[in-house]
Amino acid sequence: MNAPLSALQQQAQQLSGSVTQPIPGSRKIHVPGTRPDLRVPMREIVLTRTPTLFGGEHNPPVTVYDTSGPYTDPDVPIDLCAGLPALRRAWIEERGDSECVEQLGSAFGRGRERDPALDAVRFPARSLPRRARAGANVTQMHYARRGIVTPEMEFVAIRENQRLEAVHEAHLLKQHPGEHFGAAIPPRITPEFVRDEIARGRAILPCNINHPESEPMIIGRNFLTKINANIGNSAVSSGIAGEVEKLVWAIRWGGDTVMDLSTGRHIHETREWIIRNSPVPIGTVPIYQALEKVDGRAEELTWEIFRDTLIEQAEQGVDYFTIHAGVLLRYVPLTAKRTTGIVSRGGSIMAKWCLAHHRENFLYTHFEDICEIMKAYDVAFSLGDGLRPGCIADANDAAQFGELETLGELTRVAWKHDVQTMIEGPGHVPMQLIRENMDKQLRECGEAPFYTLGPLTTDIAPGYDHITSAIGAAMIGWYGTAMLCYVTPKEHLGLPNRQDVRDGIMAYKIAAHAADLAKGHPGAQVRDNALSKARFEFRWQDQFHLGLDPEKAQEFHDETLPKDAHKLAHFCSMCGPHFCSMKITQDVRDYAAEHGLDDTRALEAGMEEMSKAFRDQGAQVYRVE
Ligand code: IRN
Ligand code: FE2
């Protein structure tokens with residue numbers, strides 16, 4: 001690497017340091033599978049011992065699902081210009097059903113502008129793109145339906161179990177039974193269960209054969225609830241390196257998949273950089289790029305331009321495509337009386353095309369042709385909800401539900417081709433109308449995974465739509481939605497920045513985990529129990545480390561009690577030393593133990609004596625300085 005670096009490469013190399021710090025209190029571990037190249041990364045949160053005051057026992061580490069990829073692994077050198085190691089390459093090649101092809105995509109005009117500096121960057125791990133051999137079908141659904149367990153399926157089985165077998169402590173496993181609305185979550189996920197769910201169409205494992213860098217993950221309602229983060233420049237560009245940094249940032253905080261919604265300049269190159277550096281599946285909306293190719297004039301779109309765009313992106317390694325094939329000509333008039341009409345970008349492009357030509361949506365009429373492309377690379381469908389409601393007033397209307405029925409019809413066509421499929425859902429829906437969406441989706445779409453945008457449960461809080469939507473996301477996740485598409489605080493207002501991405505992801509991690517708790521996923525409560533114990537025992541660092549955002553928790557605590565000594569203090573600044581309920585509870589327990597009483601009798605033992613004991617103790621224990 002002695003050649004002079006382009007400005008972009010320099011920028012990319014600097015970036016890598018800022019987002020690759022290990023997550024505080026955690027270490028990367030790898031759980032081995034049945035073959036030496038199958039090692040499932042997880043994050044182990046290492047805890048301190050309980051202070052002697054509380055019994056002094058060892059607290060076992062807590063293992064959590066880890067989306068952050070090699071970026072938080074100190075053993076893997078990161079160079080964004082080189083891309084990530086191709087983890088799945090051998091698995092893909094040894095199946096023997098795909099072959100390298102001359103890159104068709106480049107012949108289709110990658111975009112109108114090409115920048116020699118961008119073209120100079122070659123990803124070494126990247127050879128020619130692969131595609132299925134003639135007559136072959138390389139989808140995970142196709143293998144599953146033939147009874148084959150792929151290494152990808154074994155990988156996700158291990159990953160979903162979050163190493164629960166290592167948990168022995170009864171208090172950590174204490175868990176309320178769930179209410180799971182007809183889902184069938186087994187106590188332990190096996191590779192065969194993964195295979196059967198994929199074969200049945202109830203889960204998808206998005207993994208394009210041209211994205212060997214990805215760490216397999218699964219989307220389905222009998223698995224942990226996943227979240228998607230959207231990134232992508234618009235005309236107001238943040239630049240390629242900026243987009244890659246957003247990706248690394250989004251997965252650091254827990255994004256399970258990332259959608260690149262780039263439009264504007266260098267769309268092909270931006271995507272190449274994102275995919276080569278992404279350990280999570282990447283989704284796109286190909287109609288956006290097709291629209292760029294016709295200079296933004298929707299009526300000039302053709303099936304051929306769209307088809308070439310699909311192939312171009314499939315060759316790059318996009319793992320799932322949002323395709324708005326359910327926006328039928330006859331549904332468009334149903335949106336006329338809506339308060340906010342059509343709010344989906346892809347939906348409005350297709351509605352415009354349908355009206356301009358007075359013809360049926362070409363995505364619908366060419367749907368089987370699209371399936372042929374999907375199965376040659378294993379790209380999964382994310383059938384777009386182009387007619388989703390854009391406000392509370394339009395929720396669950398005829399246009400939305402008509403489209404959902406068509407998406408059900410298309411799901412059956414996709415399954416005929418063994419193409420993995422999920423269904424996109426709304427939008428804006430008040431709480432009392434959410435359940436109807438989930439029930440109808442399961443019924444119409446044969447239980448194919450639902451992937452919803454929120455839903456936002458009210459329209460009155462611009463600036464806080466990560467919250468209005470996380471409320472709906474938690475509900476619909478509980479009812480059975482498999483993946484939640486995040487909404488950031490900038491929704492409806494502008495492009496999200498770094499902080500907005502983090503805030504959006506946090507809101508959605510909360511919604512997804514709350515849903516998993518409510519559904520009674522085995523072991524979902526382990527982390528809650530460990531954190532609660534740390535909180536009760538005033539193990540402040542452990543409490544921060546077990547949280548979704550250790551850095552923020554630490555910052556907030558430091559704001560009022562910055563000293564190291566305070567990380568051992570038996571109170572926080574919220575109630576102060578004298579009013580800490582947890583401290584008082586502990587004092588009651590200690591008093592009871594000393595006097596051979598149970599907690600209730602201790603309380604009854606006389607307020608006078610109790611208060612004197614507190615006062616005496618307070619004089620020694622509560623002194624801070
Ligand atoms: C998810 C569920 N419904 C819509 N989405 C996401 O919204 C979709 O996956 C994409 O990331 C984004 C924009 O889609 P439209 O506006 O083109 O439909
Ligand atoms: Fe909206």
Side-chain angles (χ1 to χ4, degrees), residues 204 206 219 226-232 234 250 255-263 281-291 298 318-327 335 338-353 363 380-395 399-400 403-404 407 421-430 437-438 441 445 448-466 468-469 472-473 476-477 481-496 501 504 508:
I204 67 169
I219 302 167
K226 305 303 188 298
I227 69 167
N228 169 70
N230 288 334
I231 59 171
S234 65
D256 291 288
T257 70
V258 166
M259 289 196 76
D260 172 20
L261 303 186
S262 295
T263 56
I282 297 296
T284 61
V285 189
I287 201 79
Y288 296 174
Q289 187 184 5
L291 188 70
V318 174
D319 300 285
Y320 61 93
F321 286 153
T322 292
I323 300 211
H324 298 87
V327 181
T335 63
R338 278 180 161 185
T339 304
T340 55
I342 298 176
V343 296
S344 152
R345 275 208 275 181
S348 61
I349 295 167
M350 293 322 298
K352 191 171 174 200
W353 188 91
L363 302 173
F381 274 117
S382 185
L383 294 177
D385 57 339
L387 300 179
R388 66 172 172 270
C391 65
I392 293 296
D394 295 342
Q400 185 202 335
E403 179 186 44
L404 183 55
L407 298 184
T421 303
M422 63 180 168
I423 313 296
E424 297 191 357
H428 293 237
V429 184
N437 277 272
M438 189 71 234
Q441 189 272 342
C445 304
F450 207 17
Y451 162 41
T452 62
L453 185 62
L456 289 77
T457 51
T458 167
D459 296 338
I460 64 163
Y464 296 89
D465 279 328
H466 58 317
T468 63
S469 66
I476 207 161
T481 285
M483 183 153 82
L484 307 169
C485 183
Y486 88 164
V487 170
T488 74
K490 287 277 166 62
E491 182 74 10
H492 305 119
L493 302 173
L495 263 192
V501 167
Y508 274 70

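Whatever order the structure lists ligands and atoms in, that order sets their numbers, starting from 1.
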For Tyr451, the ligand 1 atoms with a heavy-atom partner under 4.0 Å come out as 1 (C), 2 (C), 9 (O)

Looking only at heavy atoms of Gly386, does any of them come nearer than 4.0 Å to an atom of ligand 1? no

Rounded to the nearest 0.5 angstrom, the CG-OG1 distance for Asn437 and Thr481 is 8.5 Å

shortest atom 11 (O) of ligand 1-to-protein heavy-atom contact is with Met259 SD, 3.1 Å

**OP:** Check the angle between the aromatic planes of Tyr508 and Tyr486 and answer parallel, tilted or perpendicular using the 30° and 60° thresholds.
**Re:** perpendicular

- Query: Stepwise, does the side-chain hydrogen bond (donor to acceptor under 3.5 Å, both in side chains) test hold for Thr284 with Asp260?
  - Reply: CA-CA 5 Å; Thr284 61; Asp260 172 20; over 6 Å; no

Check: Do Thr322 and Glu424 pass the side chain to side chain contact (heavy atoms under 4.5 Å, CB included) test, and can you show the C-alpha distance, the side-chain angles, and the key distance before you say yes or no?
Finding: CA-CA 8 Å; Thr322 292; Glu424 297 191 357; 2.6 Å; yes

Within the 4.0 Å heavy-atom cut-off, what Tyr288 brings close to ligand 1 is side chain

Is there a donor-acceptor contact under 3.5 Å linking the side chains of His428 and Asp459? yes

Here the atoms of ligand 1 under 4.0 Å from any heavy atom belonging to Thr322 are 9 (O)

Going by the 4.0 angstrom heavy-atom rule, the piece of Asn228 near ligand 1 is neither

Of all protein heavy atoms, the one nearest atom 18 (O) of ligand 1 is Ser344 OG, 2.6 Å

shortest atom 3 (N) of ligand 1-to-protein heavy-atom contact is with Asp385 OD1, 2.9 Å

Contact region, Leu453 to ligand 1, non-hydrogen atoms below 4.0 Å, reads both

If we number the atoms of ligand 1 from 1 as shown, the ones under 4.0 Å from a heavy atom of Asn230 are 11 (O)

Please test Glu491 against Ser469 for side-chain hydrogen bond (donor to acceptor under 3.5 Å, both in side chains), starting from the C-alpha separation and ending with a verdict. CA-CA 10 Å; Glu491 182 74 10; Ser469 66; over 6 Å; no

Scanning both residues in full, the closest heavy-atom pair of Ala473 with Leu484 reads O-CD2, 3.6 Å

One finds that the ligand 1 atoms under 4.0 Å from a non-hydrogen atom of Arg345 are 15 (P), 16 (O), 17 (O)

Under 2.8 Å from the Fe ion (ligand 2), can any N, O or S atom of Cys391 be found?
no

| message | What verdict does the side chain to side chain contact (heavy atoms under 4.5 Å, CB included) test give for Met259 and Tyr320, after you've listed the backbone C-alpha separation in whole Å, the side-chain angles of each residue and the deciding distance to 0.1 Å? | response | CA-CA 9 Å; Met259 289 196 76; Tyr320 61 93; 3.2 Å; yes

Taking only non-hydrogen atoms of Leu261 and a 4.0 Å limit, the atoms of ligand 1 in range are 11 (O)

Counting from 1 in the order shown, the ligand 1 atoms closer than 4.0 Å to a non-hydrogen atom of His324 are 15 (P), 17 (O), 18 (O)

Between Thr421 and Leu383, the two heavy atoms sitting closest are CG2-CD1, 3.8 Å

Looking only at protein heavy atoms, what sits closest to atom 5 (N) of ligand 1 is Glu424 OE1, 3.4 Å

One finds that the ligand 1 atoms under 4.0 Å from a non-hydrogen atom of Gly346 are 15 (P), 17 (O)

Scanning both residues in full, the closest heavy-atom pair of Gly326 with Glu403 reads O-CG, 3.5 Å

*N or O contact, Gly347 vs ligand 1, cut-off under 3.5 Å*: no

In short, Cys485 meets Leu453 closest at the heavy-atom pair SG-CD1, 3.6 Å

